[in-house]
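As structure tokens, the structure follows; a few thoughts come after it.
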Amino acid sequence: MQAPAPGQILVLNTQTKKEEGRRIQLENIMAAKTVADVIRTCLGPRAMLKMLMDPMGTIVMTNDGNAILREITVQHPAAKSMIEISRTQDEEVGDGTTSVIILAGEFLAAASEFMEQKAHPIVVIQGYLRALEDMLIELDQNISVPVDVEDRKELYKIINSCVGTKISKKWAELVCNMAIDAVKTVSLERNGRKEIDIKQYAKVEKIPGGELENSCVLRGVMLNKDVVHAKMSRRVEKPRILLLDCGLEYKKGESQTTVEFTNETDFTRMLEIEEEFIKKLCDEIIAVKPTVVITEKGMSDLAQHYLVKAGITAIRRVRKSDNNRIARVCGATICSRTDEIKEEDLGLDAGLFEIRKLGDEYFTFIEECKDPKACTILLRGASKDLLMEVERNLQDAMNVARNVFVNPRLVPGGGATEMALSVALAAKAKSVEDVTQWPYRAVTNALEIIPRTLIQNCGGNVIRSLTALKAKHATAGNTSWGIDGNTGEIVDMKQLGVWDPYAVKVQTLKTAIETATMLLRIDAIVSGGKSKAGGGGGGG
């Protein structure tokens with residue numbers, strides 16, 4: 001280690017690496033552009049697929065921005081934060097994961113010109129944030145249109161414009177209808193507020209085999225479980241379902257338990273006590289006359305014997321999330337103690353309990369429910385890879401449907417919204433008087449990346465189509481004109497029926513601008529861990 005020069009003070013550990021200045025800002029911009037370039041070809045209906053292989057040898061084929069970036073390992077901290085925004089977009093609105101990365105990369109690329117000219121980052125950020133405010137006002141007042149969520153044809157068009165860019169567009173009608181059915185099923189009105197929890201109550205079950213056309217949304221729940229005893233009934237019509245989260249077996253000690261016997265009869269008595277305890281549990285269950293018992297915990301052989309004698313079908317070790325779904329579809333209450341079970345705790349809303357064999361495994365179906373507020377989406381298909389990709393597409397489609405139900409407003413797709421915003425901001429830029437006018441103008445140019453990428457991805461003439469689109473938008477009332485992603489020609493999105501949910505577009509613009517401004521604020525990167533031997537290392 002080099003000794004410090006006289007008068008020099010060591011503040012950071014000698015192994016710490018510090019980089020700062022304009023170079024860091026330009027490096028961050030370059031890293032963000034690189035990430036954006038990776039998935040640029042994944043935008044639009046003519047999107048290319050990416051094949052990703054992880055260290056375990058698992059292959060993922062997809063054109064979903066978030067799924068691709070989740071599998072990529074990156075080193076640069078700015079690139080990591082770009083990948084994070086794709087995940088945020090996916091969690092918040094479920095769609096627009098590719099657009100948000102492309103836009104954020106382009107906003108940063110537009111800022112590199114100012115960085116090279118030694119402009120202060122805060123000036124650029126002020127221009128960007130002002131542009132974001134104006135974009136949101138323009139979107140809300142002039143571009144977005146309301147939609148009737150009860151009109152199934154309108155909903156179908158919106159979801160189809162999301163599914164149309166995915167691998168499952170061949171089965172678009174099936175996927176769109178499944179997404180609408182699933183979201184309508186789990187939708188719930190509470191205190192005047194619409195609650196749509198897809199993650200918990202719309203479960204996707206993938207079973208390889210059969211054809212994709214056999215996929216459907218069940219009006220009920222499906223579990224990968226079989227009955228615990230061979231003599232139990234595998235089909236029960238109008239079942240009385242009891243849900244438990246306690247075990248039907250003798251309780252064992254938490255840790256090692258030692259029992260001492262003084263009499264030879266004590267051991268026999270202990271076994272009798274165990275049997276009596278289990279018989280008491282089963283008698284309390286049999287008293288309310290259920291026909292199906294489902295528990296999250298275990299079930300002993302003796303308990304199975306008593307339940308078979310009473311003509312009750314039982315299933316054990318069901319997941320907590322599955323039990324909650326069953327409770328929602330059949331109207332049951334999950335009981336924690338058998339001595340507190342009442343008649344009203346039973347679920348009576350299901351029409352059929354049946355166990356069927358699909359492929360090599362047995363599955364439990366609880367169907368024909370009166371008003372199910374949870375559902376299972378059954379996906380069949382030729383291969384596991386196809387099913388994984390269709391599931392990703394279906395999740396996006398369900399999120400789009402949910403967004404429209406929660407906030408029933410739409411904006412035109414196909415790059416029309418971005419071009420309309422670009423033209424509107426270019427007109428407003430003339431009224432911006434201070435130096436922030438230049439970054440403000442840079443945002444207007446950066447927005448054109450979406451229609452430009454759509455033209456590039458379908459092999460169209462970029463300059464000619466983009467110029468024609470600009471000319472169209474220059475005339476008032478043409479905000480819905482955009483790019484047909486299949487042909488690269490300019491068309492009216494109202495006639496083509498390509499729409500995006502308002503919530504997705506707003507989230508995309510907010511996330512892209514805020515990420516760009518956050519990365520522009522960084523003026524130093526300090527890297528290097530603490531010394532393992534001495535804790536702190538040489539100075540701090």
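Everything numeric here is computed off the predicted structure, so don't read it as measured data. Position 1 is the first residue of the sequence, and the numbers go up from there.
Here the side chain of Arg240 pairs a donor or acceptor atom with the backbone of Lys289 at under 3.5 angstrom. Remark: side-chain polar atoms of Thr511 are not paired, donor with acceptor, to backbone N or O of Thr508 under 3.5 angstrom. Looking at Thr364, its side chain does come within 3.5 Å of a backbone N or O of Lys225 through a donor-acceptor pair. The main-chain N or O of Pro412 is found under 3.5 Å from a side-chain atom of Thr417 such that the two form a donor-acceptor pair. A donor-acceptor pair under 3.5 Å links the side-chain atoms of Arg380 to the main chain of Gly209, judged by distance alone. The backbone N or O of Asp95 sits less than 3.5 Å from a side-chain atom of Gln89, completing a donor-acceptor pair. A distance-only check finds no donor-acceptor pair linking the side chain of Asn63 to the backbone of Met48 [under 3.5 Å]. Remark: the backbone N or O of Cys375 is not paired with any side-chain donor or acceptor of Thr185 at under 3.5 angstrom. Between the Asn403 side chain and the Pro501 main chain, no donor and acceptor come within less than 3.5 Å of each other. Ser144 contributes a side-chain N or O that, together with a main-chain N or O of Asp140, makes up a donor-acceptor pair within less than 3.5 Å.
Figure legend: cation-pi geometry between Arg328 and Tyr201, with NZ or CZ positioned under 6.0 Å from the six-membered ring centre and within 45° of its axis. Remark: Arg356 is positioned above the aromatic ring of Phe365, its terminal NZ or CZ atom under 6.0 angstrom from the ring centre and at most 45 degrees off the axis.
The pair Asp226-Arg234 meets the salt-bridge criterion, since a charged nitrogen lies less than 4.0 angstrom from a carboxylate oxygen. Remark: Asp492 does not engage Lys494 in a salt bridge, criterion side-chain N to carboxylate O under 4.0 Å. With respect to the salt-bridge test (charged N to carboxylate O, under 4.0 angstrom), the residues Glu340 and Lys342 do not qualify. Remark: Asp64 does not engage Arg392 in a salt bridge, criterion side-chain N to carboxylate O under 4.0 Å. Salt-bridge check for Asp245 with Lys297: failed, with every basic side-chain N at 4.0 Å or more from each acidic carboxylate O. Under a 4.0 Å N-O distance rule, the pair Asp197/Lys373 does not qualify as a salt bridge. Between Lys80 and Glu84 there is no salt bridge, since no side-chain nitrogen of the basic residue lies less than 4.0 Å from a carboxylate oxygen of the acidic one. Using a 4.0 Å cut-off between a side-chain N of Lys or Arg and a carboxylate O of Asp or Glu, Lys280 and Asp283 do not qualify as a salt bridge. Taking the charged nitrogens against the carboxylate oxygens, Lys505 and Glu418 do have a contact shorter than 4.0 Å, which makes a salt bridge.
Heavy atoms of other residues, nucleotides or ligands lying less than 6.0 angstrom from CD of Glu213 number more than 12. No more than 12 heavy atoms of other residues, nucleotides or ligands sit less than 6.0 Å from atom NZ of Lys510. Heavy-atom contacts from other residues, nucleotides or ligands closer than 6.0 Å to CZ of Arg464 number 12 or fewer. Residue Lys203 qualifies as enclosed at atom NZ: its count of foreign heavy atoms under 6.0 Å is above 12.
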Exercise for review: For side-chain hydrogen bond (donor to acceptor under 3.5 Å, both in side chains), just list the numbers for Thr41 and Lys50, CA-CA rounded to whole Å, side-chain angles, deciding distance to a tenth of an Å, and then say yes or no.
Suggested key: CA-CA 9 Å; Thr41 56; Lys50 299 275 184 276; 2.7 Å; yes

Review point. Run the side-chain contact (heavy atoms from CB on, under 4.5 Å) check on Met51 and Val60 step by step: do they pass?
Key: CA-CA 6 Å; Met51 183 183 261; Val60 177; over 6 Å; no

Exercise for review: Given side-chain contact (heavy atoms from CB on, under 4.5 Å), test Ile59 with Leu52 step by step and report yes or no.
Suggested key: CA-CA 6 Å; Ile59 293 169; Leu52 308 161; over 6 Å; no

Practice item. Mind running side-chain contact (heavy atoms from CB on, under 4.5 Å) on Val147 and Lys157 for me, showing each step along the way? Key: CA-CA 11 Å; Val147 63; Lys157 280 182 192 171; over 6 Å; no

Practice item. Could you check Ile334 against Leu244 for side-chain contact (heavy atoms from CB on, under 4.5 Å), going step by step and ending with a plain yes or no? Key: CA-CA 5 Å; Ile334 299 171; Leu244 301 171; over 6 Å; no

**Study point:** Test side-chain hydrogen bond (donor to acceptor under 3.5 Å, both in side chains) applied to Glu361 and Asn224, step by step
**Key:** CA-CA 8 Å; Glu361 295 184 66; Asn224 189 354; 3.1 Å; yes

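The heavy-atom pair separating Ile286 from Tyr306 by the smallest distance is CD1-O, 4.1 Å. Of all heavy-atom pairs between Met222 and Ile207, the closest is CE-CD1, 3.7 Å. Heavy-atom minimum distance, Leu307 versus Met299: CD1-SD, 4.0 Å. Contact record, Gly485 with Arg46: O-CG, 3.3 Å, taken as the closest heavy-atom pair. For the pair Ile241 and Ala350, the tightest heavy-atom approach, listed with the atom from each and the gap, is CD1-CB, 4.1 Å. Closest heavy-atom contact between Ala79 and Ala31: N-CB, 4.2 Å.
Inter-residue side-chain proximity for Phe353 and Ile315 is flagged as met; some heavy-atom pair is nearer than 4.5 Å. Looking only at side-chain heavy atoms (C-beta outward), Asn486 and Cys458 stay at 4.5 Å or farther from each other. At a threshold of 4.5 Å between non-hydrogen side-chain atoms, the residues Ile312 and Val292 do not count as touching. A heavy-atom distance below 4.5 Å is not found between the side chains of Ile278 and Leu248. Contact annotation: the side chain of Asp371 never approaches that of Asp349 to less than 4.5 Å [non-hydrogen atoms, C-beta and beyond]. Taking 4.5 Å as the limit, some side-chain heavy atom of Glu189 sits within range of a side-chain heavy atom of Lys194. Side-chain contact between Ile101 and Ile83 is absent, with no heavy-atom pair separated by less than 4.5 Å. Counting heavy atoms from C-beta outward, Phe363 and Ile355 have side chains that stay 4.5 Å or more apart.
Side chains of Glu489 and Ser465: a donor-acceptor N/O pair is absent below 3.5 angstrom, by distance only. Thr338 and Glu284 form a side-chain donor-acceptor contact under 3.5 Å, judged by distance and modelled atom types alone. There is no side-chain donor-acceptor pair under 3.5 Å between Asn324 and Gln200. Residues Thr62 and Glu389 have side chains that bring a donor and an acceptor to within less than 3.5 angstrom of each other.
Taken to the nearest 0.5 Å, the OH atom of Tyr156 stands 6.5 Å off from the CG atom of Asn177. To the nearest 0.5 Å, atom CG of residue Leu242 and atom CD1 of residue Ile341 are 4.5 Å apart. How far CE of Met419 is from NE2 of His473: 6.5 Å, rounded to the nearest 0.5 Å. To the nearest 0.5 angstrom, Ile285 atom CD1 is 9.5 Å from Cys335 atom SG. In this structure, CD in Glu106 is found 4.0 Å from CD1 in Ile449, a value given to the nearest 0.5 Å. Between the CD1 atom of Ile455 and the CG atom of Leu469 there is a distance of 7.0 Å, given to the nearest 0.5 Å.
Checked against Asp90 for a side-chain hydrogen bond (donor to acceptor under 3.5 Å, both in side chains), the options Asn399, Thr97, Asn66 give a single hit: Asn66.
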